[in-house]
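A short write-up of the structure that comes next.
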Amino acid sequence: MAARGAELRLNSSVSEVEKVGDHFAFTLHTPDGAHHVTAKNLVIATGGKSIPKMGATGWAYEVARQFDIRVTDTRPALVPLTFEAGLLETLTPLAGVAVDAVVASAPESKAEAKARKTSFTEAMLFTHRGLSGPAILQISSYWREGEAIVASMAPGRNIFDELKAAKAANGRQAIHTALGHIIPRRLAESLCEREGAAGNLADLSDKVLRRLDQAVNAWSVKPVGSEGYRTAEVTLGGVDTAALDQQTMQAKAVPGLYFIGEAVDVTGWLGGYNFQWAWSSGWAAGQTA
């Protein structure tokens with residue numbers, strides 16, 4: 001920065017962005033009105049709304065709208081999902097239980113289901129608010145309010161066949177014990193209680209065992225919401241990519257104005273993709289700004 005003659009100002013905020021003249025120079029005003037900065041190019045790199053305690057706001061979207069640049073709907077993404085009170089009460093004892101799972105969204109519309117046919121095979125964690133873990137954070141970017149998600153909590157295993165085999169080998173074994181050899185014990189006990197499966201294996205019909213199979217590997221549950229921007233790792237939506245030059249990140253209709261990183265409607269999976277997008281889009285803008 002010193003070599004390029006850049007000036008760094010800390011603990012500074014901008015109250016207003018003003019376009020100056022016909023050459024699209026910009027003046028940035030401070031809240032106290034005592035200072036301003038004028039520049040030929042302006043790069044908006046203020047991110048999205050995620051984790052407001054770190055200072056995140058929707059200011060980038062306000063700037064975009066000021067210059068009639070479209071902003072797509074925003075929502076928390078890569079975020080834990082929450083349950084309504086009644087369901088949460090039955091699942092609270094499972095808080096802290098983790099399983100490797102395959103989790104998918106389940107839109108009611110067939111067209112939506114086809115458009116968003118996505119699943120993630122990663123860890124899933126029961127929490128005191130609902131569900132978290134990498135698989136849930138990933139699917140939260142595809143899930144919408146009012147929809148269910150479907151979780152397979154013992155992927156690749158045929159629960160019915162394994163319980164039938166356990167029944168043949170030791171019919172006096174308790175069902176929750178047998179199921180507890182496949183999935184975590186607390187989860188096994190919870191599912192058995194929910195499905196009305198009690199007693200020894202020998203006393204249970206194939207119908208009950210199939211219900212348990214369904215409960216483990218096709219668990220459909222409808223979250224009531226998410227933990228919101230407070231814990232969301234990223235913001236889904238933002239400045240419309242169609243309004244930006246894909247090579248430079250410059251607004252097509254406003255020369256000299258650039259948007260990069262999370263302010264833009266680009267959202268990656270877990271694994272560093274969002275960091276990479278921020279750095280790459282910043283580099284692209286920096287070549288011309």
Side-chain angles (χ1 to χ4, degrees), residues 50-51 76-106 116 118-145 147-163 166 173-195 197-198 209 211-234 236 267-275:
S50 301
I51 315 185
L78 298 183
V79 63
L81 299 177
T82 57
F83 295 148
E84 52 88 15
L87 176 60
L88 194 59
E89 184 177 354
T90 66
L91 296 177
T92 294
L94 295 177
V97 172
V99 293
D100 289 327
V102 176
V103 180
S105 58
R116 291 191 274 125
T118 305
S119 64
F120 294 94
T121 305
E122 297 192 63
M124 183 178 79
L125 174 69
F126 289 87
T127 73
H128 63 286
R129 288 192 175 96
L131 292 173
S132 188
I136 297 300
L137 299 187
Q138 297 274 47
I139 206 62
S140 71
S141 296
Y142 298 84
W143 173 81
R144 297 293 180 269
E145 284 81 357
E147 297 176 356
I149 60 172
V150 178
S152 171
M153 296 180 284
R157 301 185 68 168
N158 188 312
I159 305 301
F160 174 74
D161 286 350
E162 292 192 38
L163 292 179
Q173 183 177 205
I175 179 59
H176 65 264
T177 300
L179 189 58
H181 291 312
I182 304 172
I183 59 176
R185 175 71 177 241
R186 273 194 286 163
L187 179 57
E189 292 173 346
S190 175
L191 293 181
C192 286
E193 180 179 357
R194 192 184 80 198
E195 298 302 325
L209 299 185
R211 280 211 314 269
L212 288 174
D213 189 336
Q214 188 82 358
V216 173
N217 275 335
W219 180 42
S220 179
V221 62
K222 187 176 289 187
V224 70
S226 76
E227 291 190 5
Y229 290 114
R230 181 181 65 85
T231 59
E233 295 194 18
V234 295
L236 192 72
T267 304
W269 290 356
L270 290 175
Y273 297 103
N274 293 289
F275 284 123

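The structure presented is a predicted model; accordingly, all values stated were derived computationally and were not measured.
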Heavy-atom count around Trp219 CH2 within 6.0 Å, excluding the residue itself: above 12?
->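 More than 12 heavy atoms, drawn from other residues, nucleotides or ligands, come within 6.0 Å of this atom.
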
Glu89 CD: over 12 foreign heavy atoms closer than 6.0 Å =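 Result for CD/Glu89: open.
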
Going through the distances and angles, do Met153 and Leu187 end up as a side chain to side chain contact (heavy atoms under 4.5 Å, CB included)?
-> CA-CA 10 Å; Met153 296 180 284; Leu187 179 57; 3.8 Å; yes

Can you see which heavy atom on [X] is nearest to which on [Y], and at what distance?
| X | Y | result |
| --- | --- | --- |
| Pro93 | Arg186 | O-NH1, 2.7 Å |
| Leu125 | Ala98 | CD1-CB, 4.0 Å |
| Gln138 | Leu270 | OE1-N, 3.1 Å |
| His128 | Leu88 | O-CD2, 3.5 Å |
| Pro76 | Ala232 | CB-CB, 3.7 Å |
| Leu137 | Ser140 | O-OG, 2.6 Å |

So how far is it from [X] [atom1] to [Y] [atom2], rounded to the nearest 0.5 Å?
| X | Y | atom1 | atom2 | result |
| --- | --- | --- | --- | --- |
| His176 | Leu212 | NE2 | CG | 12.5 Å |
| Thr90 | Glu193 | OG1 | CD | 9.0 Å |
| Ile175 | Cys192 | CD1 | SG | 5.0 Å |
| Asp100 | Ser152 | CG | OG | 10.5 Å |
| Ile136 | Leu81 | CD1 | CG | 5.5 Å |
| Arg194 | Arg211 | CZ | CZ | 10.5 Å |

Ser50 side chain vs Val234 backbone, donor-acceptor pair below 3.5 Å |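 At least one qualifying donor-acceptor pair exists.
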
Got a donor-acceptor contact below 3.5 angstrom from the Asn217 side chain to the Arg157 backbone?
->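 Side chain of Asn217 to backbone of Arg157, a donor-acceptor pair under 3.5 Å: yes, one is there.
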
Where does the angle between the aromatic ring planes of Phe120 and Tyr142 fall among parallel (under 30°), tilted (30 to 60°) and perpendicular (over 60°)?
->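 Correct class here is tilted.
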
Evaluate the side-chain proximity of Pro184 to Val99: yes if any heavy-atom separation is below 4.5 Å, no if none is.
->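 SC-SC contact between Val99 and Pro184 confirmed.
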
Pairing of Glu147 and Arg144 as salt bridge, 4.0 angstrom limit =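 The answer is no: the pair does not qualify as a salt bridge.
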
Do you know which of Leu209, Ile182, Leu179, Asp213 makes side-chain contact (heavy atoms from CB on, under 4.5 Å) with Glu162?
->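 The option that passes is Ile182.
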
Do Val79 and Tyr229 pass the side chain to side chain contact (heavy atoms under 4.5 Å, CB included) test, and can you show the C-alpha distance, the side-chain angles, and the key distance before you say yes or no?
-> CA-CA 8 Å; Val79 63; Tyr229 290 114; over 6 Å; no

